[in-house]
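All values below were derived from every heavy atom in this structure, side-chain atoms included, with hydrogens, water molecules and symmetry-related copies excluded. Computed from a prediction, not measured in an experiment: that's the story for all the values here.
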Amino acid sequence: MKNVVVNELGREIEIKPSAIFEKYLKLTESDVKKLFKDEPEAKSCPACGSKKGESAFKIFGLNYAECLNCSTVYTTLRPSDDKLREHYRHSASGRFWRETLSRSTAGKRREKIYAPRLQWIKDVAGEYLKSAESIGDLNSKNPGYASELLQDDYFKISAIINPYFKTEEMPEPKGQLDLVTLFEVIDYTS
């Protein structure tokens, strides 16, 4: 098995208009303060379990640490998966993202994120998985990306595996998949 990690470069301002994005940030800050208000401070790195870390920076009143063992940067407060799912489904910032920000930026997101991402996937598959005929995306919170993936005909079978945002247009696969993607997943799991 081969694991490939991609870091998508792109400027936020190219994709998200500043006034709308500023409102989203304010809503997010308010929601994060509510979400984290009763959380105990984590004492270990979520990647390697080391208890050796040092302060890195602070955002929205949350302290971030850098692990001295593996260099992972993490928030020292971590809500449960249930709280995170609740946040993405029902928070004011989550609703604003789905109903306003993502809709007003759909064209730019398609151009700057989805099309290059799909091309990258096809390039990787063409180089490392020449016989791959099926692809599945796991737990994407982005219906626009899911739609682009399902409409692309590079793979014979394209599927979305997501129990949280299930729709008729997002069929789940039957059997084994040749390639699985996990974009935008780590930021909403504990």
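In the hydrophobic clustering of this structure, W97 groups with F60; members are Ile, Leu, Val, Met, Phe, Trp, Tyr whose side-chain heavy atoms approach within less than 4.5 Å, directly or through other members. Hydrophobic clustering (side-chain heavy atoms under 4.5 Å, transitive across Ile, Leu, Val, Met, Phe, Trp, Tyr) keeps L68 apart from F57. The cluster map of Ile, Leu, Val, Met, Phe, Trp and Tyr, joined by side-chain heavy atoms under 4.5 Å apart, puts Y74 and L62 in different clusters. I59 and F21 fall within the same hydrophobic cluster, where Ile, Leu, Val, Met, Phe, Trp and Tyr residues are linked whenever their side-chain heavy atoms come under 4.5 Å apart, directly or through other members.
Shortest non-hydrogen contact noted between A125 and Y154 is CB-CE2, 4.2 Å. Across A42 and R78, no two heavy atoms sit closer than the pair CB-NH2, 2.9 Å. Counting all heavy atoms, side chain and backbone alike, P79 lies closest to L84 at CG-CD2, 3.7 Å. In terms of heavy-atom proximity, S104 sits nearest to I20 at OG-CD1, 3.6 Å. Nearest heavy-atom pair, T72 versus C45, reported as atom, atom and distance to 0.1 Å: CB-SG, 3.9 Å. Contact record, D178 with S134: N-OG, 2.9 Å, taken as the closest heavy-atom pair.
A distance of 13.5 Å separates CZ of R103 from CZ of R109, quoted to the nearest 0.5 Å. Rounded to the nearest 0.5 Å, atoms CD (E39) and OG1 (T76) are 11.0 Å apart. Atom CZ of R110 sits about 7.5 Å away from atom OG of S147, to the nearest 0.5 Å. To the nearest 0.5 Å, the span separating CD1 on I135 from CD on E133 amounts to 13.0 Å. In this structure, the separation between CD1 on I157 and CG on L150 is 12.5 Å, given to the nearest 0.5 Å. Note that CG of L177 is 10.0 Å distant from CG of L138, once rounded to the nearest 0.5 Å.
Ion pairing between K33 and E29 holds under the 4.0 Å rule for side-chain N and carboxylate O. Salt bridge status for R117 with E148: absent, with no side-chain N to carboxylate O gap under 4.0 Å.
Contact of the F183 side chain with the I121 side chain is registered, since non-hydrogen atoms from C-beta on lie closer than 4.5 Å. Side-chain atoms of D152 and K122, non-hydrogen and from C-beta on, do get closer than 4.5 Å to each other.
Taking the six-membered ring for Trp and thresholds of 30 and 60 degrees, Y145 and Y114 have ring planes inclined between 30 and 60 degrees apart.
Looking at S80, its side chain does come within 3.5 Å of a backbone N or O of K83 through a donor-acceptor pair. Judged purely by atom type and a 3.5 angstrom limit, R98 uses its side chain to pair as donor or acceptor with the backbone of R89. Between the side chain of D31 and the backbone N or O of S93 there is at least one donor-acceptor pair closer than 3.5 Å.
More than 12 heavy-atom neighbours from other residues, nucleotides or ligands sit within 6.0 angstrom of CD on E41.
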